[in-house]
Chemist: 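Please read through the structure below; I'll follow up with questions.
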Amino acid sequence: MQSDRSQSGSRRAGPLAGLKVIDLTHVMAGPTCTLMLADMGADVIKIEKSPNGDDTRHSVPPKIGDEAASFLMMNRNKRGIVLDLKTDGGKEVLRRLIADADVLVENFAPGAMERLGFGYEALHGKFPALIYCSLSGFGRTGPYKHRRGFDLVAQAMSGIMSFTGERPDGPPVKCGPPLSDITAGLLASMGILAAYTHRLKTGEGQWVETSLYEAALVQTYWQSTIALAAGTAPRAMGSAHPLNAPYQAFEASDDWLVVGGANKKHWLLMLEALGASELAADPRFVTGADRMANLKELEAVLSERFRTRPRAHWLAALDEKGVPCGPVHDMLEALSDPQTLAREMVVEVEHSTLGPVKTIGLPVKFSETPGKVLSGAPVYGEHTREVLAEHGFDDKQIEALEKEGAIVSASRERSARVA
């Protein structure tokens with residue numbers, strides 16, 4: 001493998017600098033996976049379909065200039081090319097890219113890669129060191145292996161929607177973020193790095209795969225614990241915890257905050273901060289089990305106290321006592337929080353046509369090999385010519401591929417718009 005051959009790849013920062021990734025993913029789960037790898041330094045070549053590209057290019061509003069904000073978020077730090085894999089030329093380009101790659105990531109519909117001639121079995125014989133990662137709705141085995149996957153379906157079938165909401169008898173509620181998509185992407189990147197470690201020891205590549213369904217299930221550790229141990233299905237509890245109390249949101253006189261007074265130490269300290277130490281002797285609330293058994297009464301008593309003062313007062317009093325607490329932020333407040341900024345979780349990146357664009361930063365920090373957001377998301381076909389030239393295609397061959405419709409380059413796309 002010669003994954004450090006590209007000029008762009010040689011400038012990458014982070015512990016994965018030199019790793020070359022072919023990204024055949026779209027929308028959310030797969031792009032989350034390759035985003036993690038790119039942020040840690042891998043040279044990720046994102047291959048978009050022709051025509052129209054990644055579906056998130058059309059997930060608007062909002063837009064920044066002419067680009068969909070959703071695409072910009074999920075595809076920074078990647079180089080972008082456009083291929084039509086239904087053409088002979090498009091397939092030839094992909095074969096040449098794979099020959100020089102360390103990792104291939106795909107989240108096509110079940111069977112699509114095999115029909116195109118790029119399934120794992122077909123590639124493993126030719127490229128035994130290649131790490132091949134697949135993300136799907138339900139995985140490659142089991143009775144649902146042919147079903148396509150969506151976050152909404154994964155949240156429903158995993159049980160998450162049955163215990164999310166304000167009350168036990170309320171309707172099923174989906175978690176706000178696409179929880180299974182993002183978790184599947186994180187699991188896939190973890191699996192790829194584990195497979196890469198194995199390859200460094202043995203020289204062997206392998207097939208890594210996960211699914212939205214499994215990604216959703218692993219978010220249910222506490223609720224699964226209750227179901228497996230007690231034989232009961234947990235129901236919605238609002239912001240409360242299924243095993244510990246009080247561990248939830250309360251409304252102050254002006255706004256909401258969350259408090260974690262679940263263990264004995266924090267419970268007693270919380271009562272001191274509230275000026276309610278007498279509740280420590282209340283037989284309904286002495287132990288954690290008592291508080292869980294009388295959760296509604298506990299919520300009522302504490303809510304009455306919290307509503308007597310503004311949020312800032314309670315946060316200061318609780319923090320002074322060392323009780324876990326925090327304000328309930330909206331997204332604008334969260335993104336402008338001093339801790340968010342201190343940890344560089346909102347950064348500006350230079351986009352080739354838009355200029356500086358704000359994006360989410362790297363959630364993993366490295367003392368010796370820090371990753372970095374170096375480049376904005378590619379415009380449609382921005383790096384097609386660059387990447388093909390790196391892989392031995394000359395100008396004449398690139399022109400022929402464009403004429404065939406096998407590739408799209410940004411320069412040709414702009415020329416067509418002008419014409």
Side-chain angles (χ1 to χ4, degrees), residues 8 23-39 44-84 105 107-108 135 149-152 174-182 184-186 212 329-337 340-341 344-363 372-387 407-419:
S8 175
D23 179 0
L24 284 163
T25 70
H26 56 280
V27 187
M28 193 65 172
T32 298
C33 168
T34 54
L35 180 66
M36 294 296 107
L37 302 177
D39 283 356
V44 174
I45 300 174
K46 180 178 179 65
I47 298 174
E48 295 189 68
K49 63 185 177 182
S50 176
N52 300 323
D54 192 315
D55 288 346
T56 55
R57 287 195 182 275
H58 313 287
S59 296
V60 293
K63 295 177 76 173
I64 301 176
D66 294 331
E67 301 290 331
S70 55
F71 181 85
L72 296 176
M73 177 64 75
M74 300 310 303
N75 295 287
R76 84 284 174 95
N77 263 352
K78 305 175 186 179
R79 295 195 288 165
I81 73 173
V82 178
L83 298 182
D84 184 348
V105 188
N107 65 342
F108 277 72
L135 297 96
F150 298 91
D151 173 68
L152 176 66
K174 183 181 79 68
C175 293
L179 184 144
S180 69
D181 281 318
I182 295 171
L186 297 175
L212 303 192
H329 279 160
D330 64 26
M331 280 312 306
L332 290 175
E333 292 169 328
L335 294 172
S336 61
D337 189 282
T340 302
L341 302 180
E344 297 184 324
M345 284 306 295
V346 173
V347 296
E348 277 195 342
V349 60
E350 191 70 22
H351 187 271
S352 61
T353 62
L354 301 175
V357 174
K358 287 185 178 180
T359 188
I360 294 292
L362 284 65
K372 190 174 182 180
V373 183
L374 292 171
S375 59
V379 299
Y380 190 61
E382 179 172 348
H383 302 101
T384 300
R385 284 178 165 267
E386 174 185 305
V387 170
I407 66 171
V408 175
S409 67
S411 57
R412 177 60 63 89
E413 186 80 0
R414 292 191 188 103
S415 298
R417 288 175 183 172
V418 172

Chemist: What closest approach, in Å, do Lys78 and Asp23 show between heavy atoms, and which atom pair accounts for it?
Modeler: NZ-OD2, 3.6 Å
Chemist: Please evaluate residues Val373 and Leu362 with respect to the criterion side-chain contact (heavy atoms from CB on, under 4.5 Å), reporting the C-alpha separation (whole Å), side-chain torsions for both, the decisive distance (0.1 Å), and the verdict.
Modeler: CA-CA 8 Å; Val373 183; Leu362 284 65; 3.4 Å; yes
Chemist: Taking all heavy atoms of Ala68 and all of Thr56, pick out the closest pair and write down the distance.
Modeler: CB-O, 3.3 Å
Chemist: Do any pairs count as a salt bridge (charged side-chain N to carboxylate O under 4.0 Å, His left out) and have a residue in residues 347-362, sequence neighbours left out, and if so which ones?
Modeler: none
Chemist: Looking at every non-hydrogen atom in both residues, tell me the closest pair between Ala184 and Leu135 and how far apart they are.
Modeler: O-CD2, 3.6 Å
Chemist: Set out, in order, the CA-CA distance, both residues' side-chain angles and the distance that settles side-chain contact (heavy atoms from CB on, under 4.5 Å) for Ile360 and Met73, then state yes or no.
Modeler: CA-CA 7 Å; Ile360 294 292; Met73 177 64 75; 3.8 Å; yes
Chemist: Any donor and acceptor pair, going by atom type alone, linking the side chain of Thr340 with main-chain N or O of Met345 inside 3.5 Å?
Modeler: no
Chemist: So, Asn107 side chain and His26 main chain: donor-acceptor pair closer than 3.5 Å or not?
Modeler: yes
Chemist: Which heavy atom of Thr25 sits nearest to which heavy atom of Val105, and what is that distance?
Modeler: CG2-O, 3.5 Å
Chemist: Please, which pairs that meet side-chain hydrogen bond (donor to acceptor under 3.5 Å, both in side chains) have at least one residue in residues 61-73, sequence neighbours excluded?
Modeler: Arg57-Glu67
Chemist: How close do Asn52 and Tyr380 get, heavy atom to heavy atom, and via which atoms?
Modeler: N-OH, 3.5 Å
Chemist: Looking at Thr34, Asn77, Asn75, which one forms a side chain to side chain donor-acceptor pair (under 3.5 Å) with Lys46?
Modeler: Asn75
Chemist: Quick check against the 3.5 Å criterion: does Glu382 have a side-chain atom that pairs as donor or acceptor with the backbone of Val379?
Modeler: yes
Chemist: With a 4.5 Å limit on heavy-atom distance, are the side chains of Pro178 and Ile182 in contact?
Modeler: yes
Chemist: Nearest 0.5 Å, please: how far is OG1 in Thr32 from CE in Met28?
Modeler: 4.5 Å
Chemist: Suppose we screen for salt bridge (charged side-chain N to carboxylate O under 4.0 Å, His left out). Which residues come up paired with Lys49, at least two apart in sequence or across chains?
Modeler: Asp55
Chemist: What residues, two or more places apart in sequence or in another chain, satisfy salt bridge (charged side-chain N to carboxylate O under 4.0 Å, His left out) together with Asp181?
Modeler: none
Chemist: Decide whether Asp151 and Ser180 meet the rule of one side-chain donor and one side-chain acceptor closer than 3.5 Å.
Modeler: yes
Chemist: Going from OG1 on Thr359 to CD1 on Ile64, what distance comes out if it is rounded to the nearest 0.5 angstrom?
Modeler: 9.0 Å
Chemist: Ser375: what forms a side chain to side chain donor-acceptor pair (under 3.5 Å) with it, not counting sequence neighbours?
Modeler: none
Chemist: Decide yes or no for Ile45 and His383: does some side-chain heavy atom of the first lie under 4.5 Å from some side-chain heavy atom of the second?
Modeler: no
Chemist: Is it true that, when you exclude Lys372 itself, more than 12 heavy atoms of the residues, nucleotides or ligands shown sit nearer than 6.0 Å to its NZ?
Modeler: no
Chemist: If you look at every heavy atom in Leu212 and Ala29, which pair is closest and at what distance?
Modeler: CD2-CB, 3.8 Å
Chemist: To the nearest 0.5 Å, what is the distance between CG (Leu335) and NE2 (His329)?
Modeler: 10.5 Å
Chemist: Holding to salt bridge (charged side-chain N to carboxylate O under 4.0 Å, His left out), I want the full list of residues that pass it with Asp39, two or more places apart in sequence or in another chain.
Modeler: Arg76
